[in-house]
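In what follows, a structure is listed as C-alpha cells, so that the remarks can point back to it.
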Amino acid sequence: MPELPEVEVVRRGLVDHLQGRRFQQIDVLNPRAVRRHLGGPAEFSSLLVGRRVDVVRRRGKYLWWALDNGDAVLAHLGMSGQFRIGALPPLVIPDSPHLRVRLAFDDGGADLLFIDQRTFGGLSYSEGGADLPSEIAHIAIDPLDPTFDLDTAVAALRAKKTGVKRALLDQTVVSGIGNIYADEALWRARLHYERPASSLTRAQAREVIVAATEVMNQALVAGGTSFDALYVAVNGESGYFDRSLNAYGQEGEPCPRCGTPIRREAFMNRSSFFCPVCQKAPRSSR
DNA sequence: CAAACTACCTGACTGC
DNA sequence: TGCAGTCAGGTAGTTT
C-alpha cells in the first residue's frame, strides 16, 4: 500500500517523466477517478489540455503537479493507485483492466497512465494550487519535508486524546504514515498501539516520530515496500523493503529483538502487528 | 470541537 | 465447483 516512501518513489519517477511536458489529450475512462473534481470529467480534461507541468510536489501521501498557470493537478494513490509510463509506439502493451485515466502529451512521447484497481485514488484540478493546494491545507507537514519541525509534531501527538497508533495515522498530526510504518515505528519505540498518546513523555513521543522518520527513509532507499503488484514505481518495478519489516505482516514470526512470536490484533478495521513482550499493553486496555 | 465510526471499492483467499 | 464471508486500508463525510 502506498505510504510516504512509496509516494515519494512515484514522485521521483514523475519528475523524470512529467516535468516540462504539455498535455494534449486527457481520457477519463472511469469518472470515479476524478470524483473529487466537482466540474466532472469533461471539465477536468479541458482544463488540462495545453497546460505544461512545471514541477511535481508531494506532502504526505498527496502528490500535485504545479502547472504553468499557477494551478495544479492534485493526486492521491489511495490504496492501489499507480502512475505508469506507457510504452512508446510502435510497442504495444495490453491495456490494464484498471486503467482509469490516460494522459497524452504534445511531444509525441509516452503517455502517462493512471491505473487503480480499488478506485480509492484519484485526480482533481486545484485552482491556484501550484504552491500548496487548498484542498490539502489541513494535511500536516511530513517528516521528509525540510521544514518539518520535530517539536511541533511531538506537541501535536501528545495533544491527541486517543491511542498512539490512531494519532500516528491521523494525517493532521504527522502526514505520510500508514498502517505499515505505524506498526514499524511503534515496534522500534517499544510502544503498544493502544498506549494513550497523551500519556507519552516528550522523549517517548520524540522517539516514535523519529523512528517513523527513520523507517520511512530506509524504505525510500529500498524503493518502497511492495507485497504484490498493487504498488509499483512508474517503470513498473517493485520495492524490496518488505524484507526489512520487523513487525508488520510478521504474525507468528519471532520478534527480531526478543524472539517472542509477533502477534496480530484487529484494530480500526485492519490489523496491528506487535511484539507482546517488547510492546506491553497499557493497564487501561487490559 | 474532537474523537469515533462508516462508506467507498475490487480481487485474492478461506471455509463449508 | 460454487458461493458467501473475510481481509486489505486511506480519506471524506457523518455521527456521537
Side-chain angles (χ1 to χ4, degrees), chain A residues 1-11 28-38 58-64 74-83 95-101 114-124 126 133-140 142 155-186 193-199 212 216 219 224-232 238 242 245 247-252 263-273 284-285:
Chain A
M1 309 306 155
E3 301 181 29
L4 187 152
E6 294 74 35
V7 177
E8 176 60 17
V9 170
V10 171
R11 189 195 69 83
V28 178
L29 288 81
N30 185 330
R32 193 174 148 73
V34 295
R35 67 192 179 285
R36 290 184 63 188
H37 184 78
L38 301 181
R58 179 190 59 72
R59 172 174 285 193
K61 303 169 196 171
Y62 280 93
L63 291 167
W64 70 97
L74 182 62
H76 198 289
L77 300 177
M79 293 174 52
S80 57
Q82 304 176 358
F83 283 110
D95 280 349
S96 163
H98 308 304
L99 177 63
R100 308 304 185 193
V101 183
F114 180 66
I115 297 167
D116 190 10
Q117 179 201 98
R118 295 177 198 169
T119 69
F120 278 20
L123 310 177
S124 61
S126 175
S134 58
E135 294 88 341
I136 60 167
H138 63 291
I139 300 294
D142 66 68
L157 183 67
R158 296 179 73 230
K160 300 300 284 186
K161 301 279 189 292
T162 186
V164 60
K165 182 169 176 179
R166 281 190 132 92
L168 288 173
L169 293 173
D170 184 338
Q171 303 298 298
T172 68
V173 174
V174 176
S175 70
I177 302 174
N179 203 39
I180 297 171
Y181 298 115
D183 278 2
E184 291 300 304
L186 290 167
Y193 62 93
E194 283 184 319
R195 173 72 181 271
S198 57
S199 78
M216 291 196 293
T225 301
S226 308
F227 298 107
D228 49 36
L230 285 187
Y231 161 70
V232 293
S238 295
D242 58 304
L245 295 173
Y248 184 87
Q250 307 302 305
E251 183 181 19
R263 189 173 296 169
R264 179 173 76 150
E265 289 182 2
F267 174 79
M268 289 175 74
N269 287 323
R270 58 201 72 181
S271 295
S272 271
F273 297 89
S284 57
S285 73

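Below, read A as the first sequence line, B as the second, and so on, with proteins coming before strands; counting in each chain starts at 1.
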Protein-nucleotide distance (A:R166, atom CZ; B:dA2, atom C1'), rounded to Å: 13 Å
Can you see if the side chain of A:S271 gets near the phosphate of C:dA8 - specifically, an N or O under 4.0 Å from OP1 or OP2? yes
Taking the side chain from A:R58 and the backbone from A:G60, do they hold a donor-acceptor pair closer than 3.5 Å? yes
In whole angstroms, the gap separating C1' of B:dT6 from CZ of A:R270 amounts to 12 Å
Determine whether a donor-acceptor pair (N or O, by modelled atom type, separation under 3.5 Å) exists between the side chain of A:D183 and the backbone of A:F273. yes
CD of A:Q117 versus P of B:dT10: gap in Å, rounded? 9 Å
Is any side-chain heavy atom of A:L77 less than 4.5 Å from a side-chain heavy atom of A:E6? no
Taking CZ from A:F120 and P from C:dA8, how many angstroms apart are they, rounded to a whole number? 14 Å
Supply the atom-to-atom distance A:L99 CG to A:Q82 CD, rounded to the nearest 0.5 angstrom. 11.0 Å
Taking the minimum atom-to-atom distance to the side chain of A:H98, which one of B:dA3, B:dG11, C:dG10 wins? B:dG11
Side-chain N or O of A:Q171 closer than 4.0 Å to phosphate OP1/OP2 of C:dT11: yes
C:dT11 P sits how many Å from A:D116 CG, rounded? 13 Å
Do A:S80 and A:D116 have side-chain atoms, one donor and one acceptor, less than 3.5 Å apart? yes
Separation of atom CG in A:L77 from atom C1' in C:dT11, rounded to whole Å: 13 Å
Rounded to the nearest Å, what distance is computed from the CZ atom of residue A:R32 to the P atom of nucleotide B:dA7? 14 Å
Whole-Å gap separating P (B:dA2) and NZ (A:K160): 7 Å
Identify each atom pair where a protein N or O and an N or O of nucleotides 12-16 of chain C are less than 3.5 Å apart, giving names and distance.
unit_1: C:dA12; atom_1: OP1; unit_2: A:R36; atom_2: NH2; d: 3.3
unit_1: C:dA12; atom_1: OP1; unit_2: A:Y62; atom_2: OH; d: 2.6

Categorize A:R35 for me: base, sugar-phosphate, or nothing, with a 4.0 angstrom heavy-atom threshold over every strand shown. nothing
Cationic tip of A:R166 above A:F267 ring, under 6.0 Å, 45° of axis: yes
Decide whether A:T225 and A:Y181 meet the rule of one side-chain donor and one side-chain acceptor closer than 3.5 Å. yes
Check this for me: does any side-chain nitrogen of one of A:K61 and A:D142 sit under 4.0 Å from a carboxylate oxygen of the other? no
Measure from the side-chain heavy atoms of A:N269 and tell me the nearest of B:dA3, B:dC5, B:dT6. B:dT6
Backbone N/O of A:Q117 and side chain of A:R100: donor-acceptor pair under 3.5 Å: yes
Rounding to 10 degrees, work out the angle separating the end axes of the helix from B:dA2-C:dT16 to B:dC16-C:dG2 (five pairs an end). 60°
Pairing donors with acceptors under 3.5 angstrom, does anything connect the side chains of A:Y193 and A:E265? yes
Under 4.0 Å from OP1 or OP2 of B:dA4: is there any side-chain N or O of A:T162 that close? yes
Hey, is the side chain of A:H76 poking within less than 4.0 Å of OP1 or OP2 on C:dG10, counting only N and O atoms? no
